[in-house]
K.L.:
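Let me give you the structure first, and then I'll get to my questions.
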Amino acid sequence: MSPSSHTPANDEAFVQLLSRHEPVVRAYLRGLVSTMEEVDTLMPEVALVAWRKFAELEDRSAFAKWACVIARYEVLRHRRDQARDRLVLDDEVIARLAAEAEEETPQTELQMRALESCLQKLPEDRRKLVLGCYVPGVSIKDIATRTGRSEDGLYQLLRRIRLELQRCVEAVLKKEAAI
Amino acid sequence: MNTNDQELILDYLHGREQINALRLNQLLREDANARAFLRLASAAEVRLRELSLVEGMNRPARKTNVFASWRRPLAAAAAVVLGMSAVWWSQRGIEVQVVQASSSASGEWRDGDNVRLDHVTLASGNVQMRLASGVMLGVTGPAEVKLMDAMHVRLLSGRVTAAVPDSAHGFAVETSAGHVVDLGTRFGVETGTADAVEVHVFEGKVEVVTKQNQLVQLAAGDAAVLDPLRGVAAKMRANESRFVSTTAPSANSHLDNPFVSATFYRNVDYTAAVNAAADRHSGALAQQMRRVAGFPTFVWLDSIAAVHGTNGYSRSLAGHLDEALAQSANAIGIVIYDMPNRDGSALASNGELLIAENGLHRYKTEYIDAIFKTLSQSKYAGLRIVMVIEPDSLPNLITNLNFPRVAEAQRTGTYVQGVQYAIGTLRSLDNTYAYIDVAHAGWLGWENNLKPFAELLKKVGAGIPGGNGKVDGFISNTANYNVFVEPFMKADQKVKARQVRSLRGWYDMNDHIEEQSFANALRTALITGSDAYPASVGLLLDTSRNGWGGPKRPTGPSTSTDLRTFVQETTLDKRTHKGNWGNQSGAGIGERPVANPAPNYDAFVWVKPPGQSDGSSSLIPKGPENPEGKGFDSMCDPTYKGNALNGHTRTGALPNAPVAGRWFQAQFEELVRNAYPPFEP
C-alpha cells in the first residue's frame, strides 16, 4: 500500500488506536529489550511500520496484539543489528516471552491500572523516590548522588519497593478476579 | 521462583552490570512464572515512567488523573510527522456520550450518541452527558461551556451540574471567578450577573479556589457566591431545584468485563436451600455444604411467572434485585430462558410458549418486555446485570432439526428473532451484559457443527438492534458437565497410532475434547471474517458441575496402550457418553466463580445452581410435586437404555430425582463430595 492511499479518516483512527495502545506496546517492547532507551528507539519505528500496514489490519479491536507482532519483528531486526555479546536474553527466551505477551495484551492494561492504585498506597517518600527513578534521562546514579545514598543502597531500596509494588499489583488483580 | 530470582529479573531490568545472564536465561526459559514476572515488571516500569512525567508537572496527586490529562507523546508526534495536523486538530475535542437531552434542548442531540466536542453552546433546554472520566455533566441553557478535557471544563456562562464518581475526584469547573474542584460529590455552578458565580453543593464536598487564591471548602447543603474581584462574597444554603439533576454515574458505563471487581448477588432462596441441606448433616460434609452458599449462582427466569414471582416461584425478578441491593452487591446473574418451543429436543425443560400459539409475540411482550420494565428501574442502575441468553436454543438449530419443534423454530425464524429481540431490548440498558449460550464441546465441537454455528451466530449478531457489539460474549457448558481442560491428554495425542479424539462412542473424531479449546475456536471464528464480532467479546464457562473430583479422579495419564482403556482412565469426565446431561452420577462442583480465569475468558460462573434437578427420573404428574406440570425426559431416568443422542448408552442419571429446578438432596451431596477443587471441611 502506498502512503497516498491513506485517508484522513484512517489516519485519525490510527492515531486514536495508537494513542490508546501505545503503553501496552511499550510494555511489550520493554519485556524484550534490555533498556528503556531501546524502547524509545524502537517505538517510533513500530509506529511507522504499523501506520504503513494499517490498511491490512482487518479487525481494529485487535490493534494492540497486531502492533505487538510488528514490534516483535522490530525487536528481532534490532537484535540482528546488535553485537551478540550485547544481547542478554537468548533467542529462545525472547520467542517465549514474545508469544506469551502477545496473548496477554489486555492483562497488561489491567496491570498498569492496578499499579497506579498500588503506587498511591506507598508512603509519600517512597512513592516520590520510585517515580523519581523512572524520569526519562535520569540515571540511578544521579539520584543516588542527589539523595546522598550509595548507588548500591539505592538499587537495594528500589528493588524492595518494586517487589512490594509488584506483589500489590498481583494481589489487586487477584482480588479483582475474585467475585 | 523465589525472591532471589525476582531480584535477578529486576536487576536485569534496572540495567545492572554484573548479573548472572546464564541463570537469567535458564530461569526465563523454564519458568512461566518468571516470564510473567518479567512482563509485569516491564509493564510496571513503562507505567512508572509515564507517571513520573505526570508527577513532574507538579500538581497535587489528588487532582491528577493521568488518563485524562496525560497526552501520550508518540501519537501526537505521529499526527505531526504524518502531516496530519488537521486531523490532530479535529481531535482536540473530547469524547462524550449524550445521556439525555430535553426535548427543548437547542441543537441536535440524540440520547446514547457518542460525540467529540470541544464546547457546548446551548440556547435553551438541558443536556446531560457523560465524560470519559465517568463524570456526568448537566448543562442548562442558555449556556456556553468549554470542554478542556475529561477532568476539566470551563463555564463561560449558564449553569452546569456535575455528578462525580470516586474515580474522577479532582474534576474541576473553571469560572471567571475561580475554580471549583470536586472532592467526591454532586454540585452545581451558575454564572450570574457581573461575573459573579454561584456554587451549590448537593452531596459531598468541593474545594473552591478563588482568583485571589482563597481556598474554601464547601460541604453538602452549602452554597457560595464568588466575586472575581473580592473572592467569596456570600454564603448561603444550596438550592438544588435550580439545577438540572444529574445522577451518580457509578455503574452506568458499560464495562468490558463486568466480573472484574464485582460482588455478585447470593440468591437468598438458593442459600436457604443449601443451608437446609447442610442442616441434614453434621461434621465435615455439613461444613463443606455451607461453603457452597458463599458463592453466587444465577437466577433462572424460566417462565413468565418467574419474572413476576407467581405460580409457585418464591420471588419475582424485582424481589431478587431488591435483595441484591440489600446485600450491597453490585452485580447479579440471570438466565433468560423462555424461548417459544424452548428446548425442542428435550422434554424435562421444554417451555410454556409455543410458536403455533402466538409464542414469539408473547415472548416479546409478556416476557422480555416485562424483564426490561423491571431492569430499567433507576434504583437498579447501579447493578451490573449479567444475562445468559437462551441456553440451547441456537445450538438446537444446528443439530436437532429432526425434532419437529426445532424444525418449526427454524422454519419460522423464531429462535433467531427471539434472541435478537431479547438482546436488542435488554442491552439497550447500559448496565446489562449479554452472553449467548453456545452449548458445549461435546455438542458443537466438530468442525461440521462449529462452522455453521459460527455463521448462525454472526447472522444473529448482525440482526440485533444496535449491532453485534451489544453481545458481550458467549457462555459454554451451561448446566453441563464438560471439563475446562483435560489435563493429562490431548485430542490429537496418539495411543498405538490412534488419536485420542478418534475414540468411538466418546469423542467420535471431535476436534475438541475440552471446553477451553472449543470455546476459543468458536470465538476465533466469530471475531474474524465477515460480520465479525468485536474482539472484546469474552467467554464464560459454567463450572457449577464439571468438577469430577472424589477418589476416582485420575492423577495422571493412564499407562494403557489400549485407546479405550487409556481414555477412560485418563479423562476426568466419568460419564458414559458426552450426550448424557441429566443429574449425572459421579459429578462434582467445579472451579469457584472467578473473573479473568484464562485468556479470553471473562469468568467462570455457576449458572446452574448445584443441587437443582435437571428433571425427574420418572414421570411425575402435575400436582404438589410438580405444580407447573413439567415434562419427563427419559435422559433423566437411570433405567433408560438411551437413544441416538447418547449413543444408545445408559443415561448415567441419579435415581429418584424431582422435577427440573427442584431441590435434589442426594445429587447435592454427591456434587459437594466430588467437588474439585474440594471444599475445605
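Convention: sequence-line order gives letters A, B, ...; per-chain numbering from 1. In this text the structure is predicted, and so the values were computed from the model without any measurement.
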K.L.:
Checking A/L115 against chain B: side chain, backbone, both or neither under 4.5 Å from a heavy atom?
P.N.:
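Side chain only.
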K.L.:
Just by distance, with hydrogens left out, do B/N257 and B/N596 show a side-chain donor and acceptor under 3.5 Å apart?
P.N.:
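B/N596 and B/N257 do have a side-chain donor-acceptor pair below 3.5 Å.
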K.L.:
Are the charged groups of A/E124 and A/K128 less than 4.0 angstrom apart, N to O?
P.N.:
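Salt bridge present between A/E124 and A/K128.
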K.L.:
Could you have a look at B/Q6, B/Q26, B/E30, B/R16 and say which one has the most heavy-atom pairs with chain A under 4.5 angstrom?
P.N.:
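Result: the option with the highest number of such pairs is B/R16.
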K.L.:
Salt bridge check: are A/E22 and A/R26 linked by an N-O gap of less than 4.0 Å?
P.N.:
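Yes, this pair counts.
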K.L.:
Measuring heavy-atom distances to chain B, does A/E109 have an atom under 4.5 Å in its side chain, in its backbone, in both, or in neither?
P.N.:
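For A/E109, there is no contact with chain B at all, as no heavy atom is under 4.5 Å.
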K.L.:
State whether the side chain of B/R35 and the backbone N or O of A/A98 hold a donor-acceptor pair below 3.5 Å, judged by distance alone.
P.N.:
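Absent.
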K.L.:
Give, as side chain, backbone, both or neither, the part of B/L24 having an atom under 4.5 angstrom from any heavy atom of chain A.
P.N.:
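Side chain of B/L24 only, per the 4.5 Å heavy-atom cut-off to chain A.
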K.L.:
Can you tell me which portion of B/F295 sits under 4.5 Å from chain A's heavy atoms? Options are side chain, backbone, both or neither.
P.N.:
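Contact with chain A involves no heavy atom of B/F295 at all.
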K.L.:
Checking heavy atoms, do the side chain of B/A532, its backbone, both or neither come under 4.5 Å from chain A?
P.N.:
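No part of B/A532 comes within 4.5 Å of chain A.
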K.L.:
In terms of heavy-atom proximity below 4.5 Å to chain B, should A/D90 be classed as side chain, backbone, both, or neither?
P.N.:
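Its backbone and side chain both get close to chain B.
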K.L.:
Select one option (side chain, backbone, both, neither) describing which atoms of A/I140 are under 4.5 Å from chain B's heavy atoms.
P.N.:
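A/I140 has no heavy atom closer than 4.5 Å to chain B.
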K.L.:
Does the ring centre of B/F259 sit less than 6.0 Å away from the ring centre of B/F264?
P.N.:
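Yes, they do, as the ring centres are separated by less than 6.0 Å.
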K.L.:
With chain A as the partner, which of B/A44, B/P534, B/A21 has the greatest number of non-hydrogen pairs under 4.5 Å?
P.N.:
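Looking at each option in turn, the highest pair count goes to B/A44.
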K.L.:
Could you check which of A/Q166, A/R160, A/R96 has the highest count of heavy-atom pairs closer than 4.5 Å to chain B?
P.N.:
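Top option by heavy-atom pairs under 4.5 Å: A/Q166.
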K.L.:
With a 4.5 Å cut-off on heavy-atom pairs, point out which of A/Q111, A/E170, A/R159 contacts chain B the most.
P.N.:
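Maximum pair count with chain B is reached by A/R159.
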K.L.:
So what's closer than 4.5 Å to chain A heavy atoms on B/A36: side chain, backbone, both or neither?
P.N.:
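Nothing of B/A36, per the 4.5 Å heavy-atom cut-off to chain A.
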K.L.:
Can A/E38 and A/R30 be counted as an ion pair, charged N to O under 4.0 angstrom?
P.N.:
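A/R30 and A/E38: not salt-bridged.
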K.L.:
Please classify the contact between A/V33 and chain B as side chain, backbone, both or neither, with a heavy-atom cut-off of under 4.5 Å.
P.N.:
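For A/V33, the backbone is the part near chain B, not the side chain.
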K.L.:
Quick one: what part of B/I19 sits under 4.5 Å from any heavy atom of chain A, side chain, backbone, both or neither?
P.N.:
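Side chain only.
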K.L.:
Look at A/K65, A/R167, A/Q107 and state which one has the largest set of heavy-atom pairs under 4.5 Å with chain B.
P.N.:
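When all of A/K65, A/R167, A/Q107 are compared, A/R167 has the most.
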K.L.:
Will you find, in the side chains of A/Q82 and A/R79, an N or O donor that is under 3.5 Å from an N or O acceptor?
P.N.:
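Result is no, nothing qualifies.
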K.L.:
Taking the ring of B/W606 and the ring of B/F298, is the distance between their centroids below 6.0 Å?
P.N.:
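Ring centres of B/W606 and B/F298 not closer than 6.0 Å.
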K.L.:
Of the listed residues (B/A41, B/G529, B/P597, B/S536), which shares the most heavy-atom pairs with chain A below a 4.5 Å separation?
P.N.:
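That would be B/A41.
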K.L.:
Report the option among B/A32, B/A331, B/A43, B/G15 that has the most heavy-atom pairs separated by less than 4.5 Å from atoms of chain A.
P.N.:
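Maximum pair count with chain A is reached by B/A43.
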K.L.:
Is A/S34 in contact with chain B via its backbone, its side chain, both, or neither, using a 4.5 Å heavy-atom distance?
P.N.:
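Both parts, backbone and side chain.
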K.L.:
So, A/Y28 and A/E102: side-chain donor and acceptor under 3.5 Å apart, yes or no?
P.N.:
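A pair is found: one side chain offers a donor N or O, the other an acceptor, under 3.5 Å apart.
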K.L.:
Of the backbone (N, CA, C, O) and the side chain (C-beta and beyond), which part of B/L28 lies under 4.5 Å from a heavy atom of chain A, both, or neither?
P.N.:
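When you check distances to chain A, atoms from both the backbone and side chain of B/L28 fall under 4.5 Å.
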K.L.:
Among A/E103, A/E92, A/E100, which has the most heavy-atom pairs under 4.5 Å with chain B?
P.N.:
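That would be A/E100.
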K.L.:
Under the ring pair (Phe, Tyr, Trp, His ring centres under 6.0 Å) criterion, do A/F63 and A/W66 qualify, and how do the steps go?
P.N.:
CA-CA 5 Å; A/F63 183 89; A/W66 175 77; 5.6 Å; yes
K.L.:
Does any heavy atom of chain B fall under 4.5 Å from the side chain of A/V135, the backbone, both, or neither of them?
P.N.:
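For A/V135, heavy atoms of backbone and side chain both lie under 4.5 Å from chain B.
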K.L.:
Please tell me whether B/D542 and B/S544 have a donor and an acceptor in their side chains that are separated by less than 3.5 angstrom.
P.N.:
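Note: B/D542 and B/S544 side chains meet the donor-acceptor criterion.
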K.L.:
Any side-chain donor-acceptor pair under 3.5 Å between B/N520 and B/S517?
P.N.:
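No, no side-chain donor-acceptor pair sits under 3.5 Å.
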K.L.:
Can you tell whether the side chains of A/R77 and A/E74 come within less than 4.0 Å, N to carboxylate O?
P.N.:
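A salt bridge links A/R77 with A/E74.
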K.L.:
Output the option from B/D11, B/L22, B/L38, B/T3 having the highest count of non-hydrogen pairs under 4.5 Å with chain A.
P.N.:
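The option with the most such pairs is B/D11.
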